[in-house]
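Have a look at the structure below, then the notes.
Lettering follows sequence order; numbering is per chain, from 1.
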Protein chains: 2
Amino acid sequence: MEYALRDERALLEKYLRDRGLKMTRARETVLDAFLGLESHVSVEAVIEAARRLDPGVGQATVFRTVKLLVDAGLAREACHDDGSRLFEHAYNHAHHDHLTCTRCGAVVEFIDPDIERSQEAVYRRYGFRSSGHRLELYGVCPDCAAKDAE
Amino acid sequence: MEYALRDERALLEKYLRDRGLKMTRARETVLDAFLGLESHVSVEAVIEAARRLDPGVGQATVFRTVKLLVDAGLAREACHDDGSRLFEHAYNHAHHDHLTCTRCGAVVEFIDPDIERSQEAVYRRYGFRSSGHRLELYGVCPDCAAKDAE
DNA sequence: AGTCTATTGATAAGGGTTATCATTTACAGA
DNA sequence: TCTGTAAATGATAACCCTTATCAATAGACT
Ligand SMILES: [Zn+2]
Ligand SMILES: [Zn+2]
Ligand SMILES: [Zn+2]
Ligand SMILES: [Zn+2]
């Protein structure tokens, strides 16, 4: 965990140095805040976490830094829910799709090789070059279904 | 086509009557405007189309009515793009997924039985009851790829 | 330390959507 | 057809999330 944090910080530093940008205290704070949160967080949540580490961090800075993290490959936009976008860790967190419970909001991350393969076939069928996809399955999780049954 | 319009209007009227709502001129206008547009339209586009039929239609009314159309099963939210949501016809327009060119915005509607089947398997694997999904494939279409090659 | 430029945070502005509310309208019943 | 009542309308303001503006600050290099 400690090592992972260091890895990710080094990645961000390299990304910044490579393009003449600077590693600042605010960016450290936002990175730490983001890494300390679990998957699928809104910028709002990152703002709160960042201000727990350092009150006085501007929200504009958090928006800007999250965008940087995405560009640097440390974060990835997950499933922009209604309204606000959600982000998740991208470093050491391979591609996956989401199965979401529409009742309680529970999210299962899954990867299905058959689906991935079939998607490639669709790209070939229409002559498209692939550049990523988004698959969100919606349903009712076992827990919520059990509550219905009562 | 004429018949289809009548069908859809009858559907909306039934939907409204069943819950004590009223069929109004504004709702007729928005319905006609929406039906006159082709797939994947923003509310903005519906507002423009509606005002071509009847200037003075309030934008709030269009937003409200599009929501009604979705509830009535006449419209369906397609792929909420960056920012604004997009809607498409739902009546006599079976389920399908989207393959979108990230360069020119071209959209191919497709249905892949293998993918649909694999998705059902995912639902079973995690014990979820299915309630719909959203699959968006992104890539570069043949035309844009050809331009790249030049 | 000094210079130069990126970055910051407060604030305003932006775009899409929804809430408010006085007025108008649809529609069931008399 | 007339009326009463509740729903619907449209103008407007409010809302949320996000981005732009900008004077002040703080890295990174010499
Ligand atoms: Zn659930
Ligand atoms: Zn995820
Ligand atoms: Zn294209
Ligand atoms: Zn479509």
Side-chain angles (χ1 to χ4, degrees), chain A residues 9-10 12-34 40-72 75 77-87, chain B residues 9-10 12-34 40-72 75 77-87:
Chain A
R9 189 189 161 134
L12 179 58
E13 283 179 348
K14 173 165 171 37
Y15 174 87
L16 294 173
R17 209 174 321 107
D18 285 354
R19 52 211 81 204
L21 306 180
K22 297 167 182 174
M23 186 58 177
T24 65
R25 183 137 87 88
R27 284 175 179 163
E28 276 186 66
T29 302
V30 174
L31 175 64
D32 288 349
F34 175 69
H40 312 131
V41 291
S42 62
V43 176
E44 177 71 20
V46 180
I47 291 172
E48 287 169 17
R51 286 184 172 161
R52 251 174 269 131
L53 299 177
D54 177 4
V57 172
Q59 64 167 28
T61 299
V62 179
F63 274 97
R64 286 185 286 234
T65 306
V66 168
K67 194 173 299 179
L68 266 183
L69 295 182
V70 171
D71 292 341
E77 195 172 341
C79 33
H80 46 113
D81 216 27
D82 294 325
S84 72
R85 300 191 231 277
L86 298 181
F87 297 86
Chain B
R9 190 190 160 133
L12 180 58
E13 283 180 347
K14 173 164 172 37
Y15 174 87
L16 294 173
R17 208 173 322 108
D18 285 354
R19 50 211 83 204
L21 306 179
K22 296 167 183 174
M23 185 60 178
T24 66
R25 184 137 86 88
R27 283 173 179 166
E28 276 185 66
T29 302
V30 174
L31 176 64
D32 289 349
F34 175 69
H40 312 132
V41 291
S42 62
V43 175
E44 177 71 21
V46 179
I47 291 173
E48 287 170 17
R51 286 184 172 161
R52 252 174 268 131
L53 299 177
D54 177 4
V57 172
Q59 65 167 28
T61 299
V62 178
F63 273 97
R64 286 184 286 235
T65 306
V66 167
K67 194 172 299 180
L68 266 183
L69 295 182
V70 171
D71 292 341
E77 194 171 343
C79 33
H80 46 115
D81 216 26
D82 292 326
S84 72
R85 300 192 232 277
L86 298 181
F87 297 86

message = Let me test you: for the helix from dA1(C)-dT30(D) to dA30(C)-dT1(D), what is the angle between the axes at its two ends (five pairs each), rounded to 10 degrees?
response = 30°
key: Distance, rounded to the nearest Å, where Leu68(A) contributes CG and dT19(D) contributes P   = 12 Å
remark   = Here the distance between atom P of dC15(D) and atom CZ of Phe63(B), to the nearest Å, is 18 Å
key: Residue list, ring pair (Phe, Tyr, Trp, His ring centres under 6.0 Å) with Phe34(B), at least two apart or on another chain   = His89(B)
note = dist Met23(A):CE -> Glu13(A):CD (nearest 0.5 Å) comes out at 5.0 Å
task = Quick one: do Leu16(A) and Leu68(A) satisfy side-chain contact (heavy atoms from CB on, under 4.5 Å)? Show the steps, please.
result = CA-CA 9 Å; Leu16(A) 294 173; Leu68(A) 266 183; 4.1 Å; yes
query = Who are the side chain to side chain donor-acceptor pair (under 3.5 Å) partners of Glu28(A), not counting sequence neighbours?
reply = Arg9(A)
ask   = Which part of the nucleic acid, if any, lies within reach of Gln59(A) when heavy atoms closer than 4.0 Å are counted: base, sugar-phosphate only, or nothing?
value = base
Using residues 44-56 of chain B as the side-chain source, report each donor-acceptor pair under 3.5 Å to any protein atom, sequence neighbours left out, with the distance given to one decimal.
unit_1: Arg51(B); atom_1: NE; unit_2: Val57(B); atom_2: O; d: 2.8
unit_1: Arg51(B); atom_1: NH2; unit_2: Val57(B); atom_2: O; d: 2.9
unit_1: Asp54(B); atom_1: OD2; unit_2: Arg25(B); atom_2: NH1; d: 3.4

remark   = In numerical order, the residues of residues 48-57 of chain B whose heavy atoms come under 4.0 Å of DNA chain D are Gly56(B), Val57(B)
ask   = dA7(D) C1' sits how many Å from Tyr15(B) OH, rounded?
value = 14 Å
ask   = Between the main-chain N or O of Leu12(B) and the side-chain N or O of Arg27(B), is there a donor-acceptor pair closer than 3.5 Å?
value = no
query = What salt bridge (charged side-chain N to carboxylate O under 4.0 Å, His left out) pairs are there with at least one residue in residues 61-71 of chain B, not counting sequence neighbours?
reply = none
message = What is the first contacted nucleotide of DNA chain C and what is the last, in 5' to 3' order, if contact means an atom lying under 4.0 angstrom from a heavy atom of chain B?
response = dG16(C) to dC27(C)
query = Can you name the residues that form a side chain to side chain donor-acceptor pair (under 3.5 Å) with Lys14(A), not counting sequence neighbours?
reply = Asp18(A)
inquiry  = Counting primed atoms plus P, OP1 and OP2 as sugar-phosphate and everything else as base, spell out the protein contacts along nucleotides 20-30 of chain D at 4.0 Å heavy-atom distance: B, S or - for each nucleotide, 5' to 3'.
reply    = BB-----BS--
message = Would you say that Thr65(B) contacts Leu31(B) through its side chain, given a criterion of any heavy-atom pair below 4.5 Å between the two side chains?
response = no
Heavy-atom check, side chain of Val43(B) versus side chain of Leu86(B), under 4.5 Å = no
task = Examine Arg19(A) relative to Tyr15(A) and say whether NZ or CZ is less than 6.0 Å from the centre of the six-membered ring and inside a 45° cone about the ring axis.
result = yes
ask   = Can you pull the ring-ring contact (aromatic ring centres under 6.0 Å, His included) pairs that have at least one residue in residues 40-69 of chain A, sequence neighbours excluded?
value = His40(A)-His98(A)
